[in-house]
2 protein chains.
Amino acid sequence: MRVLGVDPGLTRCGVAVVDGGTGRSVRFVDVGVVRTPAELDLAKRLLLVADGVEEWLDRHRPQVVAIERVFSQNNVSTVIGTAQAAGVVALSAARRGLPVAFHTPSEMKTAITGSGRADKAQVTLMVTRLLGLAEPPRPADAADALGLAICHLWRSPMQSRLAEARSRAAELGRAHQARLAAAARTTAPGTAGKVRAATLAERERNRKGTTR
Amino acid sequence: MRVLGVDPGLTRCGVAVVDGGTGRSVRFVDVGVVRTPAELDLAKRLLLVADGVEEWLDRHRPQVVAIERVFSQNNVSTVIGTAQAAGVVALSAARRGLPVAFHTPSEMKTAITGSGRADKAQVTLMVTRLLGLAEPPRPADAADALGLAICHLWRSPMQSRLAEARSRAAELGRAHQARLAAAARTTAPGTAGKVRAATLAERERNRKGTTR
């Protein structure tokens with residue numbers, strides 16, 4: 001699977017392409033930064049970000065776009081512009097029918113370094129090692145974009161399994177409810193208590209089964 | 001001039017078209033809301049907002065797009081989504097080469113009601129009166145979008161005059177610097193002090209002139 005990782009920003013938007021292989025193997029494809037001049041007005045800067053990312057989508061044809069999730073707790077003076085840059089990148093991907101995933105900075109750091117509070121130097125070091133690069137990617141936004149792409153490759157199978165498990169659990173729950181309803185319909189009023197007791201016992205067994 | 005006013009939002013994005021005439025006359029053209037379902041993922045919601053606004057741009061061909069400026073001090077839980085909706089609207093306008101203006105909520109309220117702290121009911125009432133509508137526009141996002149379009153029509157001539165005055169002042173300043181440089185070049189070393197004194201006197205006159 002080929003991922004475009006994006007560390008969104010108006011001044012510097014980090015972009016990186018990484019291919020995932022079997023297991024945890026990852027292969028570096030490309031990395032760069034889309035820049036926009038601060039003196040341009042906001043709409044024109046967003047257009048440059050969108051055009052820049054579209055160019056990366058054209059050139060590398062990723063199958064999924066992973067973007068760093070912006071929090072309102074981040075640096076207040078830049079959070080709006082960063083959110084808007086992330087928004088236009090997500091839009092460009094959605095226009096092409098590509099799935100878009102968001103990962104928080106701490107999810108990325110945990111995936112790459114083992115700690116959600118790792119600093120930029122640590123992320124850069126680990127990204128350089130994981131991808132076997134001759135020298136560390138610069139600037140930090142580029143390293144973050146690479147980290148985000150790797151994070152997506154490693155987290156998404158886990159997330160898919162989780163989503164699958166959740167949907168199977170919901171399905172089992174629905175089937176169980178349907179059996180209960182059927183039992184209640186076919187049971188004479190006098191035996192309802194027994195059915196209820198049996199149901200509780202079954203529930204208890206299920207509960208133990210899932211927490212085993 | 002025809003303005004598309006936009007009150008950005010992911011769940012409800014207010015859109016309104018108003019024509020400006022001579023002086024402060026304004027004419028209602030259309031108003032509506034672009035909605036996106038909360039259960040869709042962010043990228044798809046942004047795509048729906050962008051497509052919805054593009055449809056309004058196609059239908060009404062405004063000459064300028066006025067968007068409510070999002071602040072990070074706003075409701076923290078929705079500010080990111082609102083900023084991203086504003087971003088994709090600005091992008092759609094920029095892609096068509098349309099100028100994009102941002103006005104703060106308090107600038108809009110001041111323009112429409114005379115008070116920057118007016119509530120939604122007051123804005124709705126004044127918008128209804130100013131445009132001579134038979135009934136108040138609903139929901140509030142629609143009224144805000146109309147208010148924003150009117151605010152732009154009223155503020156933009158003032159802003160243009162201000163920008164013009166600033167650029168004229170800058171030009172005068174450059175011309176003055178050029179004269180000074182020329183004087184310094186043609187003056188013998190011994191008379192440099194006199195030129196400097198004359199320059200200071202001229203500066204003082206200019207300063208008084210601009211603050212008159």
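To find a chain, count down the sequence lines: A is the first, B the second, and so on, and within it residues start at 1. What you see below is based on every heavy atom in this structure, not just the backbone, and it leaves out hydrogens, waters and symmetry mates.
Among residues 127-144 of chain A, no residue has any heavy atom closer than 4.5 Å to a heavy atom of chain B.
Interatomic distance, CG of Asp51(A) versus CZ of Arg95(B), reported as 5.0 Å (0.5 Å rounding).
In this structure, no portion of Ile67(B) lies under 4.5 Å from any heavy atom of chain A. For Ala86(B), the parts lying under 4.5 angstrom from a heavy atom of chain A are both the backbone and the side chain.
Taking each heavy atom of Ala94(A) and Ala43(B) in turn, the nearest pair found is CB-O, 3.6 Å.
Of the possible donor and acceptor atoms, none in the side chain of Gln84(A) sits under 3.5 Å from a partner among the backbone N and O of Gln84(B).
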### Message
For Ile80(B) and Val79(A): C-alpha separation, side-chain torsions, deciding distance, then whether side-chain contact (heavy atoms from CB on, under 4.5 Å) applies.
### Response
CA-CA 8 Å; Ile80(B) 300 291; Val79(A) 71; 3.8 Å; yes
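When each of Val89(A), Leu46(A), Leu91(A), Val100(A) is scored by its heavy-atom pairs under 4.5 Å with chain B, the top score falls to Leu91(A).
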